[in-house]
Every structure is written in structure tokens, then in C-alpha cells.
Amino acid sequence: MTTKANNKKTPKRRETLGDQVHDRLIEMGWILPQTEEDVRLARKALERIECPPLPPSLADPRRIIDRLDEVEAEERIKMRVDASPPAISLPDLLKRLREVGMALRFLRRLLPSELRVELTSLTKGKGNEQAVVMQVAKIVSSVFGWALDVILNPSAPLEFSQSAMSAARFKLPARANTQRLSAYTVYAHTVAVILLKATADLPRKPIPTSAEELRDAIKRQYGAVTFEHALRYAWSLGIPVLPLSDSGAFHGACWRLNGRNVVVLKQRVRSLARWLFDLIHELVHAGQNPEQPDLSIIEDEGLDARRLSPEEKNANRIAGNVILDGRAEELAQNCVTAAKGRIELLKRVVPQVAAKEGVAADALANYMAFRLSLQGENWWPTAVALQETEVDPWQVAREVLLERADFSRLHEFERGLLEQALMDEAELEV
Amino acid sequence: MRFIETGGNPKLNAATDGQLFALMGQRGSEAKGAWAEFYIRYVNDLYKAVHRLRGLSATDVEGVVQDTMVQAWKAALTFQADDGLEESLLRDRTLSWLCRIAQNLYFAMRRQRRINLVSGSDEEDGAESSPASTGRAPIRPGELHRTIQCAEALIEGAGQPDEEIESNDMRLLREALATLTEREWDILMTTYEYHERGRKQQRLPQAVIDELCQAYDISPEYLRKIRERAHKQVIGYSKKLQATEETDEKL
């Protein structure tokens, strides 16, 4: 850099040099102007540079004017909070949240690590309780859409009513009296929407709707129908797959927002065959009614009417045929014949038939469980016992997600929520 | 550059920045209109300034600009108006105020990422690495991906000159900065971000020193040494390069 002040080692000269570097950095745009003098310096450069067009998200102030309402709401609450501490203590807030299906274990999944630590400290009698109450309430408000003052008011009811869920553009399950299911569903939907944002650049392709087409497409691209191959295939169609590791609530979901599908897998049984079955099942749903911009399907074992609906049966049949090479019914009949129609013999017979026919025993067991469920028999526990569990499908799905999702598209809160959703219990303890 | 169309309330169009801030601060019926007018006046300049910052993705830039404008609404009452100034000076003053907000948001974003950006290669250039710095904390799911993205963005930002505005001084400085390690670069750039023109004793805020020391697991004394060394290296490189070029020209 050109300077006449380089010859002497006086503090003044060094400051001059520093000023020069500083000014050049402002001109280069690497540091932001902080004073009017800086602005004048930067402005010359700003007038000359070619800048990309203002993105749509910035071009119209109306797009972000809603955020001013949020600021005002926070200000109103802050005024109230500043005037008096929150009307609710931490134990009361936790109890209140537990009553609507958010046990501490679930709540911890929503909180960033620092807040989890603070929460733990508070249970040992250390820390600023009011600050933690506010932070927890803000996060719950962001995820569930309840206003902060409602959360902090012990006498205001917290309900998962459709109208209250402004952010959740889907129908809650009819069994919504089960608070845990509702709370977890809203949470999973929030995370799924975040994942859609992190995968906005995925190319979208038509989804095959028959077992044959699906099976052929996966085989053509990857050679064989395995869980990882089906997973990568789903991503290649532009369908991100979110694996969750919590127990209870539902075991799978498929949502479509503005024409983009996202699949959630949350099967407690960590078997590749079972996750493959569920994934194909959800892919079938994702391919249904492609003309509809929105779709919401939540796989809840408790809903018999839904489980036995034609759509569900169709999705399960297709899943079975994709995995069992189009022979699902034939193999099921072979099992029934070999077991002489006796359900108690199936556990022994299914692996034998699978070995003879060259298919995976756990995959066949899953299909048998589905078939028996149609006649009211719950054979799933036995099918679970026949599953191969050496490789954890949740880990496989998580790896693929981390490979494909672009976390830099997300704001800090969203990034945190998605990362926490992808942690297992042990990681959440850190 | 796509500019926002102005229009709407003629009274607000004619209002000074100080008057707009006063309306915003009152949170009355005209507050949002005042904010929208203010937004339209400054979003283009702010976007241009933020867009050139190093290490920000397109989404980050949008986020910083949006958040800055929302913060301006939040902090409207703190704006020191001086409507006696001529218009261009007023604009410079307002833009510098916005840039200070944007800078704080940018620092907060960097602070969050700095922890993830401490790379193994940095440990080679200093002898004071502690066991903690060599045994890095396990990376949580998602962080690795993010870290790689941030690092790529940093490299990308460092390697692409704004050719339209590149003077010889700037080119020399850019090349000199490119010779620094990531840690040296971060420390030197942070120093210049807090530089105050004309001030004899430049001093980083203690919180920033603590943060850098914590992020790189070094002592404040060693931080000073790294800064000195980086500064000397940048100046030395520039001088050497300039001398070489002058010799070449003579030949």
C-alpha cells in the first residue's frame, strides 16, 4: 500500500498506517462504515460496484412488516415483565407445559444447549429463574404459536386449537385429546417446514405411483431396493426425509406445502426393513393427488379408521410389493399355507419361506403383520422380533439429511431447532 | 439493482429521517407507514454495504438487512436526529447508524460461527496451543456441514476481488491479507472492525479480546503478538510487492 509514513517508527505513523488499512477495508466493503466519514468513503465505492438485484424478500417492506407486530408484542410484554416479574414460576410453567403434552424430556429437545444447562442448574437451586422462564416461554411461543402473555398467564388455557396454530397449516389428528400427540405433531411439523427451507434448491421430479414403477426406478438408479437406496431416491425426487428419534406420538408423516413434500420417519423399531416399509409407504402418499398444493398425513396407530382406510391399505400393499419384488401377496399366501393357517406357527414359518424364496425375512414379516392387521390381528410385536437391527436406520437417514440439507439457508433459531431434532438422547444430554 | 418504488403517503415522502423516527417511536397509526418510507430510502444502500461483507451467504445477507431494519424500528427512539444538517449529510449519518446496527448483528453471527471455525491448520503456526486447542470438542450433527459452508463462504469472499473498484492499494492489501492464516486473518480483521480513525491508542473492547482468546484458546498476550505479526506481515508484503512492481516498471 502506498504510504509516505512508513519510514519512522513513531506511534503517530503507525496510526496513520492503521487508518489507511482501515479506510481501504471500508472501500473494499470488508468492514461496515461506522461514522459519517466512513460512509462518505464507502459511498464512492458503493456507487461504482455492481450489486446483485435486491432479493424479493427485501424488495417489499410489506414482506417483513409483520415482524414489527412481533416487536410491539414483545415490547408490551416486556413493559409488563419489567413492571413485575412473570406471574408464573418455573415449576409452574413446566407443569403447565406438561399438562399440554410437553414433558421435560420433550421440552429439552426444543431448547438450545445453554438453556438446557441453565434449566438443569435451576433444578439445583442456581441461576436466574425469571430469565429462564422468559426464554423457555419465547421458544415455546415460536414453535407452538401461543402468544407469550398467554403462556405466562397461569389461568389462560393452552389449547391446540386449529385457529390458534397460526403457523401450522395442517389438520391436527382427530384424536387431538391426546395432548402428547398434538404437541409432538405441531413440533414435528415445525421442524419439517424448517427442513423444507433448508432444502429449497432440491430439484422436484414426478413421483411414481405404482409398486412396479417405484421398484424399477430405485433398482435402475441404485441396483437394489434397500433402505438407503430408497432414501436417496426420495431425496432425488426432491422429497427430504426427516428422521426423528423420540418415542410415542406417531410413527410417520407426510406433509406437502406449496407443492413440496416432506416425509417424517419416527419408527421406534430400529430396523432397516421396517423403516424401508414406512418410507415407501410415505412415498406413496407423497405421490397422491399431485395437483393439491397441500397435504397432511399422520401415521397414528391409534386411529383404526385411518389405518384401515383404502389409501392406507393401498400404500401398505405398494410398500410390500416394492420391497418383495411384486410378490407380496404370493409370499404371504405361501406363509399361510406353510403355517397351515395357524398364526402361532408364523414366527417359525416366515423365515423359512423367506429363505426359500430369496427375500429378507424381516421384510416379509412386516408384510405379514400388515396383512394380519387387516383381519384385526396384531402381529407386529412378533414381526419386530424378526427384524435385523445391526444398522440403525435413523443414523442412516440422519447422515443423508446432513449431506443434502443446506443449513446456511436457515436462521439461527431454525438451525438450532433442526440440529436438536437430529440429536439422539445422549447428545441432548451434552 | 431492483429499486423499490416509492409512493404512498406524500407527507411521509417529504418527511426528514428525524421526523420518520419520531413517528416510529410513537408507535401510532402512522408508525408503520413511516417505517416503510424509511425502509425504502435505505434498504438499497444497506444491502449494498452488507452484501460485500466476508463470510456471509445470500441468506445471511438478507437476514442481516431484514434484522437491521426491524432493529431500527425497535430502536427508533434512540436515533439522534439533527434535521439542521443538509440532506446528504443526514443520509450519511442515518446510514452509518444503520451500519452500526448491522455490524452488531454481523458480529453476533460471526461470534456464533467463530467457535466452529477454529481450524486445525491454525495450530501449526503458533507454539502456544494448549491441550484444549489440539483436542477439539466433538462436532454436533449439522455443525460439520455448517462449518464447511462457512469456511467455503470465507474462502470465496477472500478470493473474489471487486474488480470494478479495485485500486492498486486495494489489490496489494488483498494479496497481503491472503498470505495470513485463518486465525491471523480473523484477529487482524476484527481489530480493524473496531478501529477508530485518528485515535492514537487503538484498543479492542475487553469482551472482544476475551471472545477471541476463548475462541482460539490463546492468552491476551499471545493475541497481541499474533496481531502485531499479522499487521507487520501485511505491511511488509505490500511494501515488498510494491517495490518489485516498481522495479519491473523501471526495467
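Per chain, numbering begins at 1; letters A, B, ... match sequence-line order.
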Exercise. When only pairs under 4.5 Å are counted, which of Leu53(B), Asp45(B), Val65(B) shares the most heavy-atom pairs with chain A?
Worked result: Leu53(B)
Problem set entry | Side chain to side chain, Arg24(A) and Tyr192(B), heavy atoms closer than 4.5 Å | no
Exercise. Side chain, backbone, both or neither: which part of His411(A) has a non-hydrogen atom closer than 4.5 Å to chain B?
Worked result: side chain
Seminar exercise, completed: Of Lys74(B), Met69(B), Gln103(B), the largest count of non-hydrogen pairs under 4.5 angstrom with chain A goes to Gln103(B)
Exercise. Which bit of Leu177(B) comes within less than 4.5 Å of chain A, counting heavy atoms only: side chain, backbone, both or neither?
Worked result: side chain
For this session: Pick whichever of Asp23(A), Ile31(A), Leu68(A), Leu25(A) has the most heavy-atom pairs under 4.5 Å with chain B.
Result: Leu68(A)
For this session: For the pair Arg227(B) and Thr190(B), evaluate side chain to side chain donor-acceptor pair (under 3.5 Å) and give the outcome as yes or no after the intermediate values.
Result: CA-CA 10 Å; Arg227(B) 194 172 53 198; Thr190(B) 305; over 6 Å; no
For this session: Answer with side chain, backbone, both or neither: which region of Arg62(A) has an atom nearer than 4.5 Å to a non-hydrogen atom of chain B?
Result: neither
Exercise. Below 4.0 angstrom, N of the basic side chain to O of the carboxylate: do Glu425(A) and Arg105(A) qualify?
Worked result: yes
Exercise. Is it the backbone or the side chain of Glu399(A) that comes under 4.5 Å from a heavy atom of chain B, or both, or neither?
Worked result: neither
Exercise. Under 6.0 Å between the ring centres of Trp97(B) and Tyr42(B)?
Worked result: no
Problem set entry | Parallel, tilted or perpendicular, as decided by the 30° and 60° cut-offs, for the rings of Trp275(A) and Phe227(A) | perpendicular
Problem set entry | Electrostatic pair Arg41(B):Glu37(B) at N-O distance under 4.0 angstrom | yes
